[in-house]
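Down below is the structure, laid out as structure tokens.
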Amino acid sequence: MDNSLKRLIEKYLHESCEELKKVEFSSKPFPPIFINRPKKKEWGDLSTNLPFSLSQEMGKSTSRIGRLLTSYLKEKTLFSQVEFVPPGFINFSISSPFFNEVLKKIVTQKEEFTRFSYGKGKRIQVEFVSANPTGPLHVGHGRAVAFGDSLAYILSKIGYEVEREYYVNDVGGQIERLSRSVWARLQQLEGEEISFPEDGYQGEYLIDIAKEARIKMGDALSEAGKTKPQMICLLGEFTVKEILRQIKTDLDQFGVRFDRWFFESSLDKEIPKVISFMKDRGHVYEKDGALWFKTSTFLPGVKDRVLRRRSGEYTYFASDIAYHAHKFGRGLDQVIDIWGADHIGYVPRMKAAVEALGYSKEALKIIIYQLVTLKRGEKRISASTREGKFIPLRKVLEEVGKDAARFFFLSRSCDSHLDFDLELAKKQTPENPVFYIQYAHARVCSILEKAKDKGIELKKLDEVRFDLLASSEERELMKELTLLPDEIKEAAESLEPHRLTTYLMGLATLFHQFYTRHRVISEDRELTSARLLLIKAVKIALKDALNLLGITAPQKM
RNA sequence: GCGCCUGUAGCUCAGGAGGAUAGAGCAGCGGUUUCCUAAACCGCGGGUCGCGGGUUCAAGUCCUGCCAGGCGCGCCA
């Protein structure tokens with residue numbers, strides 16, 4: 001299925017270019033075609049600047065090319081008007097019958113209307129959040145949760161088989177610090193005066209976990225013969241498990257479900273294998289008692305990195321390479337990692353490693369999202385897990401709700417720094433854009449409900465007088481609905497879910513405007529039928545796009 | 001010092017592979033309800049697109065130099 005209007009026009013433009021070539025005796029390849037929404041209504045529904053680029057390519061005058069192209073395109077019934085406009089645009093107006101056909105399609109195909117098969121047969125993995133199991137998720141993670149989940153929905157919409165994965169760093173120094181921190185809390189609970197580890201996790205949540213541990217594993221801990229390190233180790237396992245349970249609960253609240261939780265500890269045996277694989281290819285060497293990855297082979301001038309320390313322990317980088325080897329080994333065609341900006345320096349070496357493993361560096365896409373600055377009014381709040389001073393995601397969800405939080409995270413491009421002002425997020429609640437959009441959906445539902453109560457039966461599609469939908473508000477609405485497949489396609493191609501929030505605002509605005517100026521249910525039964533179908537299509541589109549953002553579309557508000 | 005990201009209305013941000021007269025929400029001011037939800041609609045004000053050069057028929061968008069903020073430059077994760 002491919003309901004992209006832009007693709008259709010693109011096809012026509014290609015055909016027209018072929019005609020043009022015959023007349024102008026040109027054999028030059030076509031420049032890429034861009035179709036955009038013009039800024040002003042007078043410039044039609046869509047426009048292209050093809051005459052500009054084509055004239056440059058062919059060395060002919062822009063207006064000659066523009067006029068010739070226009071004359072070919074005028075043949076198409078898709079357009080009610082095709083106009084060449086100096087200095088070099090072609091503006092298209094879409095014919096009403098086409099819009100009417102689209103309405104029928106939306107109502108019959110529902111959310112399938114926006115489905116594509118570009119990714120058919122291809123497996124793509126989105127790995128996101130992957131927060132260390134050393135504390136609850138905080139607001140910063142919220143951005144990754146919303147972004148990754150939405151991206152996964154969008155990619156699956158254009159036909160990819162998508163897997164959501166969470167990588168759990170359950171080994172290494174941090175887990176050791178975590179274990180010692182809980183141990184210290186436990187000792188404190190027992191009334192012992194001990195100094196808290198300096199590099200430990202100071203958050204109060206560990207006190208609760210220590211209490212839990214005392215109750216649930218008291219016997220195991222007091223068992224005779226166990227050494228202190230053994231007990232700390234046991235306690236660590238318990239703590240990781242407990243924190244993961246909390247993280248899962250939070251994610252559940254956020255409406256995210258991962259297909260796989262991948263544990264770093266499970267890579268134990270993989271790491272040496274992967275390293276020897278790389279060694280065989282000359283990407284690994286020994287120096288100062290450590291094993292190094294020759295990053296410089298792939299990134300000239302960049303420092304080489306340690307894979308195995310002098311102490312014999314593998315670095316995080318080593319297990320991350322093994323992890324990615326495992327990902328590609330599973331037959332994934334494309335891997336997308338979503339990382340916070342604090343990992344930016346890590347990107348080049350990870351890509352180099354993927355190449356060293358024999359995969360194209362294009363197979364791994366790493367999306368960096370800028371960090372979230374937490375504010376309460378004017379005050380900045382630091383967000384350190386280690387120091388325990390952070391606002392848990394859970395608390396934000398309680399305050400502003402899942403839908404508003406998601407919308408807030410998703411309405412900005414991930415390149416832009418995000419100011420999350422807790423005061424504002426709370427205060428904003430009644431005026432929040434997300435409610436504006438949801439309200440549009442609820443309004444549609446309420447009208448449909450009303451129609452049902454009045455016993456108005458929906459006509460068969462072929463009998464509906466779509467030609468009655470002639471007002472500018474109705475036309476604009478139909479146009480917006482028609483462009484949803486393109487919006488989704490473009491959001492997927494650019495990996496930018498935030499485009500959909502912009503689209504939704506626009507669609508909701510058009511609906512509210514339509515609503516205030518026209519009555520759906522009236523004495524005119526023909527008109528009523530047509531409008532009921534129109535708003536039904538609006539409802540489908542709103543819900544479809546909201547779903548892709550992981551935001552609910554309420555029936556009532 | 002080096003690398004990446006950001007700088008657009010009072011605030012928070014869109015602006016899509018360079019295009020036609022720069023957009024939205026919030027905040028401010030003023031209007032709209034015998035009628036399907038006023039969580040709405042309509043109107044008004046508000047901009048040297050950080051600053052300077054450059055490329056182009058055309059620059060908020062590309063290049064470059066500054067300025068400001070964020071993040072990163074470990075045998076940490």
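Bear in mind that the values here come from a model prediction, so they are computed numbers and not experimental data. All chains are named by letter (A, B, ...) in the order of the sequence lines, taking the proteins before the strands, and each is independently numbered beginning at 1.
For the OP1/OP2 pair of A77(B) and a distance below 4.0 Å, the side-chain nitrogens and oxygens of Y314(A) include no atom meeting the criterion. The shortest distance between the side-chain N/O atoms of R309(A) and the OP1/OP2 oxygens of A77(B) is below 4.0 Å. Phosphate contact (OP1/OP2 of G15(B), side-chain N/O of R37(A), threshold under 4.0 Å): absent. Regarding contacts with the backbone of A24(B), every side-chain N or O of T509(A) stays at 4.0 angstrom or more from both OP1 and OP2. The side chain of R177(A) places no N or O atom within less than 4.0 Å of a non-bridging phosphate oxygen (OP1 or OP2) of A77(B). Contact check, H498(A) against G15(B): a side-chain N or O comes under 4.0 Å of OP1 or OP2. K452(A) has no side-chain polar atom (N or O) that falls below the 4.0 Å cut-off from OP1 or OP2 of C36(B).
Taking the P atom of each, G50(B) and A40(B) are spaced 31 Å apart, rounded to whole Å. Nucleotides A27(B) and G52(B) have their C1' atoms positioned 34 Å apart, rounded to a whole Å. Nucleotides C44(B) and G23(B) are separated by 14 Å at their P atoms, to the nearest Å. To the nearest whole angstrom, the two P atoms, one in C2(B) and one in G46(B), are 43 Å apart. Only the P atoms considered, C63(B) is 14 Å distant from G7(B), to the nearest whole Å. For the P atoms, the distance from U21(B) to C67(B) is 34 Å, rounded to whole Å. A gap of 44 Å separates the C1' atoms of U32(B) and A17(B), to the nearest Å.
We find that the ring of F89(A) and the base of A20(B) stack, their centres lying under 5.5 angstrom apart and their planes tilted less than 30°.
With G25(B), C71(B), A38(B) as the choices, the nucleotide that has an atom nearest any side-chain atom of P433(A) turns out to be G25(B). Here the side chain of Q370(A) is nearest to one of G19(B), C13(B), G70(B), namely G70(B). Checking A20(B), A77(B), C41(B) against every side-chain atom of E264(A), the shortest atom distance belongs to A77(B). When distances run from any side-chain atom of Q513(A) to the nucleotides C41(B), A40(B), A14(B), the shortest one goes to C41(B). Checked against G70(B), A20(B), A77(B), the side chain of N91(A) finds its nearest nucleotide in A20(B).
Under 3.5 Å, the side chain of S47(A) and the base of A20(B) form at least one donor-acceptor pair of N or O atoms. With hydrogens and angles left out, the side chain of E493(A) and the base of G16(B) share no donor-acceptor pair within 3.5 Å. The base of G69(B) lies close enough to the side chain of H417(A) for a donor and an acceptor atom to sit less than 3.5 Å apart.
Within 4.0 Å of N49(A), counting heavy atoms only, lies at least one base atom of the nucleic acid. Residue T501(A) is classed as having no contact, given no heavy-atom separation below 4.0 Å to the nucleic acid. The residue M505(A) sits close only to the backbone: its heavy atoms come under 4.0 Å of sugar-phosphate atoms, none of a base.
Each of Y515(A) and G172(A) has a nearest nucleotide on RNA chain B; the 5'-most of these lies closest to Y515(A). Taking the nucleotide of RNA chain B with the nearest heavy atom to each of A290(A) and K556(A), the more 5' of the two is matched to K556(A).
In this entry G30(B) has C42(B) as its Watson-Crick or G-U wobble partner, both defining distances falling under 3.5 Å. Within the shown strands, nothing qualifies as a pairing partner of U61(B) under the Watson-Crick or G-U definition with both distances less than 3.5 Å. The pairing partner recorded for C73(B) is G1(B), the criterion being a Watson-Crick or G-U wobble arrangement whose two distances lie under 3.5 angstrom. Pairing of A24(B), defined by two Watson-Crick or G-U wobble distances under 3.5 Å, is identified with U12(B). Across all strands shown, A17(B) forms no Watson-Crick or G-U wobble pair with both distances under 3.5 Å. Base pairing analysis places C36(B) opposite nothing; no Watson-Crick or G-U wobble pair with both distances below 3.5 Å involves it. G47(B): no Watson-Crick or G-U partner with both key distances under 3.5 Å is found in any strand.
Atom CG of L504(A) and atom P of C13(B) are 20 Å apart (whole Å). Rounded to whole angstrom, the span from the CD1 atom of I366(A) across to the C1' atom of C4(B) amounts to 13 Å. Across the protein-nucleic acid pair, R308(A) atom CZ and G74(B) atom P stand 22 Å apart, rounded to whole Å.
Residues Q174(A) and N169(A) have side chains that never bring a donor and an acceptor to within less than 3.5 angstrom of each other. Between the side chains of Y285(A) and D304(A), at least one donor N or O sits under 3.5 Å from an acceptor N or O. Neither side chain, T501(A) nor S411(A), offers a donor N or O lying under 3.5 Å from an acceptor on the other.
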### Query
Hey, mind stepping through Y503(A) and E490(A) against side-chain hydrogen bond (donor to acceptor under 3.5 Å, both in side chains) and telling me if it holds?
CA-CA 12 Å; Y503(A) 172 85; E490(A) 287 164 22; over 6 Å; no
### Task
Quick one: do E264(A) and S319(A) satisfy side-chain hydrogen bond (donor to acceptor under 3.5 Å, both in side chains)? Show the steps, please.
CA-CA 7 Å; E264(A) 184 182 358; S319(A) 45; 2.7 Å; yes
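Here the two rings, on F89(A) and W43(A), have centers that are 6.0 Å apart or farther.
Nearest heavy-atom pair across D199(A) and R177(A) is O-CD, 2.9 Å.
Glycosidic conformation of A17(B): syn, with the torsion inside 90° of 0.
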